[in-house]
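In what follows, a structure is listed as structure tokens, so that the remarks can point back to it.
Numbered from 1 within each chain, the chains take letters A, B, ... in sequence-line order. Values below: every heavy atom of this structure, side chains too, minus hydrogens, waters and symmetry copies.
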There are 2 protein chains.
Amino acid sequence: MSSDRQRQILEAAVRVIAHSGVRGLRVEKLSAEAGVSTALIYYHFGDRAGLMRKTLEFVNERAGRYTHEAMEIGKDPREQLELLLLLELQDTPAVRENSAAWGELRASAVFNPDLREPLSTSTRGWVDDLAAMIRQAQAAGLAAARADPLDVAERLTALVEGVSERWLSGSMTLERARELVEGAVIAELGEGSSHVPRDGSAGPA
Amino acid sequence: MSSDRQRQILEAAVRVIAHSGVRGLRVEKLSAEAGVSTALIYYHFGDRAGLMRKTLEFVNERAGRYTHEAMEIGKDPREQLELLLLLELQDTPAVRENSAAWGELRASAVFNPDLREPLSTSTRGWVDDLAAMIRQAQAAGLAAARADPLDVAERLTALVEGVSERWLSGSMTLERARELVEGAVIAELGEGSSHVPRDGSAGPA
DNA sequence: GCCCACCGACTGAAGATTCAGTCAAGGTGT
DNA sequence: ACACCTTGACTGAATCTTCAGTCGGTGGGC
């Protein structure tokens with residue numbers, strides 16, 4: 001199924017999308033990037049739309065992989081949770097590519113109903129993962145118990161998408177983006193360091 | 001300068017972008033929508049890129065107008081602030097158009113450096129307006145004093161962009177989006193109702 | 001000898017941009 | 001008041017470009 005060749009093409013597709021956007025994806029450019037003929041792309045994916053769909057799946061899958069790697073670095077739930085969010089905000093080629101492609105795909109989905117369903121599904125996956133971590137963190141006394149995990153998860157992921165887009169569109173530095181997300185986690189779940197939520201007036205000045 | 005004609009074309013451009021995206025903006029479609037010839041568009045804007053630039057300015061300006069209207073509805077700063085955020089999340093044609101166009105333009109800026117600067121400028125404008133309101137709210141004892149106004153403003157606006165994009169791309173309902181933003185305001189500034197922040201363990205169960 | 005993965009060259013359509021003017025409004029010299 | 005010129009707004013149709021998608025064919029493993 002997903003032969004080497006398909007993977008090779010999809011990897012190239014993500015690279016091209018990250019670099020020129022969905023709208024800038026020219027089948028010919030893609031074929032050059034992947035080092036194959038244009039015809040082969042049609043052979044494997046049928047048409048442009050089919051290619052997009054597969055690319056989206058591919059991006060999700062790759063992102064999922066990062067995610068699960070993150071979850072296995074034994075840290076405590078609160079740290080894991082932060083890691084999971086900050087993962088999307090790094091300036092390594094792989095992450096930048098994924099983030100950019102993700103943003104593009106989401107933007108395209110506004111006008112292309114075909115992309116909506118897979119997009120929603122994987123958004124939900126991400127949100128649910130995060131919500132689960134929040135619950136764990138709460139159970140471990142590392143997060144404000146009063147916060148609704150699903151609400152918080154949805155907010156934090158949406159925030160990450162928002163700052164990520166600002167970063168990529170040059171309205172914000174990466175450092176600032178990360179800082180803001182960290183601050184949001186604190187605002188939503190309280191100072192995580194040691195004990196419980198009720199951060200109240202505990203903070204410095 | 002901005003003759004009637006230009007305004008007419010730009011209004012049509014926003015409509016077309018909101019409906020088919022920047023990617024879907026065909027000069028011919030635009031000319032039909034605006035009821036003028038394609039050539040006139042080139043006459044006024046030079047080329048496609050020039051058109052985009054002017055459209056972005058136009059969207060900003062229009063958004064600014066909403067904003068300032070919002071600020072004049074005498075409510076208290078805390079209410080104003082919420083209003084300013086929620087303004088972008090309404091299902092009226094005007095707002096939907098503006099939001100969709102805004103999202104598209106931001107997404108385009110990732111690949112089109114020309115758009116970056118005006119985009120940053122007007123993002124900053126929005127953020128600063130919000131930060132000012134937060135300061136007022138704090139001064140009036142309606143918001144947690146410990147929150148850094150600029151951080152919070154940047155987070156809340158980015159969150160609005162994030163949920164807005166999810167709404168437009170069909171991953172979230174409008175109601176949910178509004179609810180989440182309201183929740184974020186509370187998480188960042190505390191229960192606003194009466195007195196200060198230190199909401200602490202005050203909330204119900 | 002047939003099927004699968006694959007390629008180079010091509011096409012048709014869609015779109016962006018340009019061109020060669022038309023038209024009405026505002027001088028200007030007489 | 002009136003011919004005449006200029007200019008800015010505007011158009012229809014042609015032209016130049018860019019693409020997605022197709023076709024006929026090739027090689028190599030079985």
For nucleotides 4-6 of chain C, print each protein N/O atom paired with a nucleotide N/O atom at under 3.5 Å, atom names and distance only.
unit_1, atom_1, unit_2, atom_2, d
C:dA5, OP2, A:Tyr43, OH, 2.3
C:dC6, OP1, A:Arg5, NE, 3.4
C:dC6, OP2, A:His44, NE2, 2.8

Open item on the list: Could you check whether atom CD of A:Glu117 has more than 12 heavy atoms from other residues, nucleotides or ligands sitting under 6.0 Å from it?
Closed with: no
TODO: In plain terms, say whether A:Arg106 and A:Glu165 are close enough for a salt bridge, that is, a side-chain N and a carboxylate O under 4.0 Å apart.
DONE: no
Open item on the list: The test is side chain to side chain contact (heavy atoms under 4.5 Å, CB included); show your working for A:Phe58 and A:Glu11 and say whether it passes.
Closed with: CA-CA 8 Å; A:Phe58 184 73; A:Glu11 272 164 8; 3.6 Å; yes
Task: Cationic N near anionic O, under 4.0 Å, B:Arg166 to A:Glu154 - done: no
Open item on the list: List the residues meeting side-chain contact (heavy atoms from CB on, under 4.5 Å) with A:Phe45, not counting sequence neighbours, and say none if there are none.
Closed with: A:Gln6, A:Ile9, A:Leu10, A:Ile41, A:Leu51, A:Lys54
TODO: Name the nucleic acid region contacted by B:Leu25, choosing base, sugar-phosphate or nothing; use a 4.0 angstrom heavy-atom cut-off, strictly under.
DONE: sugar-phosphate
Check residues 14-21 of chain A and write down every donor-acceptor pair under 3.5 Å in which the side-chain atom is one partner and the other belongs to a residue at least two apart or another chain.
unit_1, atom_1, unit_2, atom_2, d
A:Arg15, NH1, A:Glu33, OE2, 2.5
A:Ser20, OG, A:Val16, O, 3.3
A:Ser20, OG, A:Lys29, NZ, 3.4

- [ ] To the nearest Å, give me how far apart CG (B:Asp47) and C1' (C:dG15) are.
- [x] 15 Å
- [ ] Go through the steps for A:Leu156 and A:Val181 under the test side chain to side chain contact (heavy atoms under 4.5 Å, CB included), then give the verdict.
- [x] CA-CA 8 Å; A:Leu156 289 175; A:Val181 170; 5.6 Å; no
TODO: Assign B:Ile41 to base, sugar-phosphate, or nothing according to its heavy-atom contacts below 4.0 angstrom with the strands shown.
DONE: nothing
Task: Separation of atom CG in B:Leu51 from atom C1' in C:dA16, rounded to whole Å - done: 12 Å
Task: Closest-nucleotide ordering on DNA chain C, the 5'-leading residue of B:Ala49 and A:Gly35 - done: A:Gly35
TODO: Determine, for nucleotides 23-30 of chain D in 5'-to-3' order, which nucleotides have protein heavy atoms under 4.0 Å from the base (write B), from only the sugar-phosphate (write S), or from neither (write -).
DONE: B-------
- [ ] Report yes or no: does B:Arg53 contribute a side-chain atom to a donor-acceptor pair with the main-chain N or O of B:Leu115 at less than 3.5 Å?
- [x] no
Open item on the list: Could you walk me through whether A:Asp128 and A:Leu150 satisfy the side chain to side chain contact (heavy atoms under 4.5 Å, CB included) test, starting with their C-alpha distance in whole Å, then the side-chain angles of each, then the deciding distance to 0.1 Å, before giving a yes or no?
Closed with: CA-CA 7 Å; A:Asp128 288 347; A:Leu150 200 56; 4.1 Å; yes
TODO: Quickly work out the B:Phe45 CZ to D:dC10 P distance and round it to whole Å.
DONE: 11 Å
Open item on the list: What is the separation between atom CZ on B:Arg48 and atom C1' on C:dT18, rounded to the nearest whole Å?
Closed with: 17 Å
- [ ] Give me the bend of the helix from C:dG1-D:dC30 to C:dT30-D:dA1, using the axes of the five pairs at each end, rounded to 10°.
- [x] 10°
Going by atom type alone, with no hydrogens or angles, which donor-acceptor pairs under 3.5 Å involve a side-chain atom of residues 85-93 of chain B and a protein atom two or more places apart or on another chain?
unit_1, atom_1, unit_2, atom_2, d
B:Gln90, NE2, B:Leu87, O, 3.2
B:Asp91, OD1, B:Arg96, NE, 3.1
B:Thr92, OG1, B:Val95, N, 3.3

Open item on the list: Tell me if the CD atom of A:Glu28 is crowded by more than 12 foreign heavy atoms within 6.0 Å.
Closed with: no
Open item on the list: Just the rounded figure in Å: distance from P of C:dG15 to CD of B:Glu28.
Closed with: 7 Å
Open item on the list: Whole angstroms only, please: what is the OH-P distance between A:Tyr42 and C:dT11?
Closed with: 17 Å
